[in-house]
Student: 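I'd like to ask you about the structure that follows.
Residue numbers count from 1 along this sequence.
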Amino acid sequence: MNDGGNLDHLEYPLVERRKTLPDPCEKEKRVSLWTLIKDNIGKDLSRVCLPVYFNEPISSLQKCFEDLEYSYLLDRAYKYGKTVRLCLGDGLMRVLHVAAFAISAYSSSEGRHRKPFNPLLGETYEADYPDKGVRFLSEKVSHHPTIIACHSEGNGWKLWADSNLKTKFWGHAIQLDPVGVLTLEFADGEVFQWSKVTTTIYNVIVGKLYCGHHGMMHIKGNQKYSCKINFKQQSLVDRNPHQVHGLVEDEKGHVLASIFGKWDDSIFYVSGDINAKPKGYNPVSEAFLLWRRVRPPAGLTKYNLTSFAVTVNELTPELKEKLPPTDSRLRPDQRHLENGEYVKADAEKLRLEKRQRMSRKLQESGWKPRWFQRDDASGTFHYTGGYWEAREQRSWDGCPHIFS
């Protein structure tokens with residue numbers, strides 16, 4: 001296998017971030033999942049009240065930002081669109097890197113079996129990462145149905161989406177079906193859109209927990225190229241799990257390149273249609289590397305957070321002064337869980353869930369999101385602007401103290 005001749009990373013400033021979570025203050029008590037949800041088979045898990053034991057110290061708003069761990073792939077995709085390199089040309093290399101980015105979003109899910117916190121209506125999360133050249137904002141814009149809207153900007157690109165996750169418990173497994181479209185727009189006008197595939201967590205009651213992603217992801221471009229990626233469903237006897245295979249096509253349906261690999265390890269590409277190669281063809285010797293996962297240190301946290309995920313809930317005194325009162329970092333039950341204060345975390349989670357039950361009435365009374373607005377034509381939530389300007393001025397008028 002070969003290095004794909006990737007463009008060098010852009011030069012971003014070095015920012016020192018934490019490398020682990022705080023040591024827990026208490027010993028955690030084990031809770032039986034089966035005794036809690038045996039009567040909820042087939043129901044939407046978002047409506048099942050679970051103790052904090054089943055959470056990881058991250059909200060769904062922050063989980064969306066984790067998709068940008070490998071945002072450098074989009075930086076490279078933008079530069080490839082402006083620079084002809086290799087025999088494949090610029091546009092083709094761009095869509096290959098977009099595909100690798102879409103797949104890389106799943107890499108942090110390996111070993112992550114606890115659920116993120118369900119945000120309160122109006123809860124927000126910001127991520128200002130100059131070391132990645134990325135700014136990100138997300139907000140819970142609807143309580144029923146639960147919808148999270150997010151917007152991010154990088155070097156020559158913008159990425160936005162709103163998402164609704166439908167969950168079902170089937171006794172032996174939990175199925176997560178995402179609803180929503182991600183839109184990626186480059187500064188030169190090229191746009192790609194795709195939806196996420198189904199995630200299933202197996203052996204919920206008995207056996208070793210593991211997750212799998214399966215289904216077809218279609219990355220549609222508005223210019224010459226598109227890509228179809230198949231996430232292979234894992235079977236009980238599968239000796240080579242987590243496989244993905246994809247084909248890049250032009251506007252006439254001609255296959256120009258093939259991608260393959262694993263969503264939790266690495267992705268490669270070869271020129272042409274891999275399915276049309278002679279029998280016995282081995283693509284390994286001709287393959288070029290697009291992306292490789294950064295492995296977390298062994299035993300980093302009990303939640304199996306990646307090194308990147310450990311940073312998303314970090315709260316320094318300097319940052320605290322800049323945040324609106326709606327930011328997930330200020331959520332008390334989540335903060336107590338991160339600190340290992342489990343009794344306080346459970347009490348605060350119960351208190352906030354009681355407040356959450358009021359959200360539907362607020363929404364029915366005409367409540368509107370603070371930073372996003374729904375497009376009447378497409379139904380998609382778009383960022384309306386003004387957040388970073390308000391942050392600069394420390395002016396958070398209209399932002400309620402939802403955690404108090």
Side-chain angles (χ1 to χ4, degrees), residues 43-50 55 58-68 105 115-127 136-152 158-169 174-183 193-199 312 323-331 333-334 349 351-387 390 396-404:
K43 294 184 179 180
D44 184 346
L45 278 186
S46 65
R47 298 177 180 273
V48 179
C49 295
L50 298 175
N55 287 90
I58 287 177
S59 76
S60 296
L61 299 169
Q62 295 166 313
K63 196 86 169 179
C64 292
F65 179 56
E66 280 195 68
D67 288 0
L68 289 161
K115 67 188 295 288
F117 280 83
N118 182 25
L120 304 184
L121 185 63
E123 186 172 335
T124 63
Y125 174 71
E126 68 153 65
F136 171 90
L137 176 66
S138 56
E139 179 181 3
K140 182 173 180 179
V141 295
S142 172
H143 176 64
H144 186 73
T146 297
I147 299 177
I148 291 173
C150 58
H151 178 91
S152 54
K158 296 180 181 179
L159 177 68
W160 66 89
D162 59 41
S163 62
N164 177 18
L165 194 65
K166 295 184 177 180
T167 61
K168 287 293 181 68
F169 174 59
I174 297 175
Q175 181 176 315
L176 311 173
D177 293 307
V179 179
V181 176
L182 292 89
T183 301
Q193 291 186 314
W194 67 93
S195 296
K196 291 194 169 186
V197 298
T198 297
T199 296
V312 301
L323 295 176
T326 53
D327 195 276
S328 293
R329 296 178 183 87
L330 305 177
R331 180 168 173 155
D333 52 352
Q334 184 174 305
K349 187 171 187 288
R351 179 181 70 84
L352 291 176
E353 283 182 348
K354 289 181 179 179
R355 286 182 62 102
Q356 184 77 299
R357 296 187 186 103
M358 301 165 54
S359 296
R360 185 167 184 174
K361 293 182 179 180
L362 285 173
Q363 193 169 321
E364 291 173 349
S365 301
W367 179 90
K368 294 182 179 180
R370 179 65 180 85
W371 306 108
F372 292 83
Q373 183 176 350
R374 174 166 266 165
D375 188 323
D376 293 334
S378 66
T380 302
F381 282 90
H382 290 275
Y383 173 54
T384 56
Y387 178 87
W396 299 116
D397 297 338
C399 294
H401 291 257
I402 60 176
F403 303 128
S404 63

Student: List in chain and number order the residues that pass side-chain contact (heavy atoms from CB on, under 4.5 Å) with Lys361, two or more places apart in sequence or in another chain; answer none if no residue qualifies.
Tutor: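 For Lys361 there are no side-chain contact (heavy atoms from CB on, under 4.5 Å) partners, ignoring immediate neighbours.
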Student: Keeping Asp375 on the side-chain end and Phe381 on the backbone end, is there a donor-acceptor pair under 3.5 Å?
Tutor: no
Student: Tell me every residue that passes salt bridge (charged side-chain N to carboxylate O under 4.0 Å, His left out) with Asp162, counting only those two or more places apart in sequence or in another chain.
Tutor: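 Per chain and number, Asp162 pairs via salt bridge (charged side-chain N to carboxylate O under 4.0 Å, His left out) with no residue.
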Student: When you measure from the side chain of Ser195 to the backbone N and O of Gly180, does any donor-acceptor pair fall under 3.5 Å?
Tutor: yes
Student: Mind checking side-chain contact (heavy atoms from CB on, under 4.5 Å) for Thr198 and listing every partner two or more places apart, or none if nothing turns up?
Tutor: Gln175, Asp177, Thr200, His214
Student: Could you tell me which non-hydrogen atom of Asn55 sits nearest to which non-hydrogen atom of Lys349, and how far apart they are?
Tutor: OD1-CE, 3.2 Å
Student: Out of curiosity, Trp367 CH2 to Ser142 OG, how far, rounded to the nearest 0.5 Å?
Tutor: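 Going from the CH2 atom of Trp367 to the OG atom of Ser142 covers 8.0 Å.
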Student: Could you tell me whether a side-chain N or O of Thr384 sits under 3.5 Å from a main-chain N or O of Trp371, the two making a donor and an acceptor?
Tutor: yes
Student: Provide the closest heavy-atom pair for Ile148 versus Cys64 in the form atom of the first, atom of the second, distance.
Tutor: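 Nearest heavy atoms, Ile148 then Cys64: CG2-SG, 4.0 Å.
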Student: Which atoms form the tightest heavy-atom contact between Glu66 and Ile58, and what is the distance?
Tutor: OE2-CD1, 3.9 Å
Student: Just wondering, are more than 12 heavy atoms of other shown residues or ligands nearer than 6.0 Å to CD in Gln373?
Tutor: no
Student: Hey, is the main chain of Val312 close enough, under 3.5 Å, to the side chain of Tyr125 for a donor-acceptor pair?
Tutor: yes
Student: For the residue pair Arg331 and Asn118, what are the closest heavy atoms and their distance?
Tutor: NH1-O, 2.9 Å
Student: About how many Å separate CZ of Arg374 and CD1 of Ile147, when rounded to the nearest 0.5 Å?
Tutor: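 Taking CD1 in Ile147 and CZ in Arg374, the distance rounds to 4.5 Å.
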Student: Suppose we screen for side chain to side chain donor-acceptor pair (under 3.5 Å). Which residues come up paired with Gln334, at least two apart in sequence or across chains?
Tutor: Gln62, Asn313
Student: Run the side-chain donor-acceptor check on residues 397-404: report pairs under 3.5 Å with partners two or more places apart or on a different chain.
Tutor:
unit_1	atom_1	unit_2	atom_2	d
Ser404	OG	His401	O	3.0

Student: What distance separates Leu120 CG from Ser328 OG, expressed to the nearest 0.5 Å?
Tutor: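 Output value for this atom pair is 8.5 Å.
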Student: Kindly write out the residues that satisfy ring pair (Phe, Tyr, Trp, His ring centres under 6.0 Å) with Phe136, not counting sequence neighbours, or none if the list is empty.
Tutor: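 Checked Phe136 against ring pair (Phe, Tyr, Trp, His ring centres under 6.0 Å); matches are Phe65.
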Student: Among all residues two or more places apart in sequence or in another chain, which pass the side-chain contact (heavy atoms from CB on, under 4.5 Å) test with Ala161?
Tutor: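 Partners of Ala161 by the side-chain contact (heavy atoms from CB on, under 4.5 Å) criterion, ordered by chain and then number, come out as Cys150, Leu182.
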Student: Are side-chain heavy atoms of Leu323 and Arg329 found at a separation under 4.5 Å?
Tutor: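 Leu323 vs Arg329: side chains touch.
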Student: Which distance, rounded to the nearest 0.5 Å, do you find between the NE2 of His143 and the CD of Gln356?
Tutor: 4.5 Å
Student: Return the set of residues passing ring pair (Phe, Tyr, Trp, His ring centres under 6.0 Å) with Trp396 (not counting sequence neighbours), or none when no residue passes.
Tutor: Tyr387
Student: Sub-3.5 Å donor-acceptor pair from the side chain of Glu139 to the main-chain atoms of Arg370, do we have one?
Tutor: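 Between the backbone of Arg370 and the side chain of Glu139 there is a qualifying donor-acceptor contact (under 3.5 Å).
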Student: Which residues satisfy the side chain to side chain donor-acceptor pair (under 3.5 Å) test with Ser152, sequence neighbours excluded?
Tutor: none
Student: Does Lys196 reach the main-chain N or O of Pro178 with its side chain, forming a donor-acceptor pair under 3.5 Å?
Tutor: no
Student: List the atom of Leu330, the atom of Pro325, and the distance in Å for their closest heavy-atom pair.
Tutor: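 Between these two residues, the closest heavy atoms are CD1-CA, 4.0 Å.
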Student: Among all residues two or more places apart in sequence or in another chain, which pass the side-chain contact (heavy atoms from CB on, under 4.5 Å) test with Lys158?
Tutor: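 Applying side-chain contact (heavy atoms from CB on, under 4.5 Å) to Lys158 gives His151, Glu153, Trp160.
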Student: Residues in side chain to side chain donor-acceptor pair (under 3.5 Å) with Thr183, at least two apart?
Tutor: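 So Thr183 forms a side chain to side chain donor-acceptor pair (under 3.5 Å) with Gln193.
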Student: Report the residues that fulfil side chain to side chain donor-acceptor pair (under 3.5 Å) with Arg351, sequence neighbours left out, ordered by chain and then residue number.
Tutor: Glu348
Student: Is the closest side-chain heavy-atom distance between Lys115 and Thr167 below 4.5 Å?
Tutor: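 They are not in side-chain contact.
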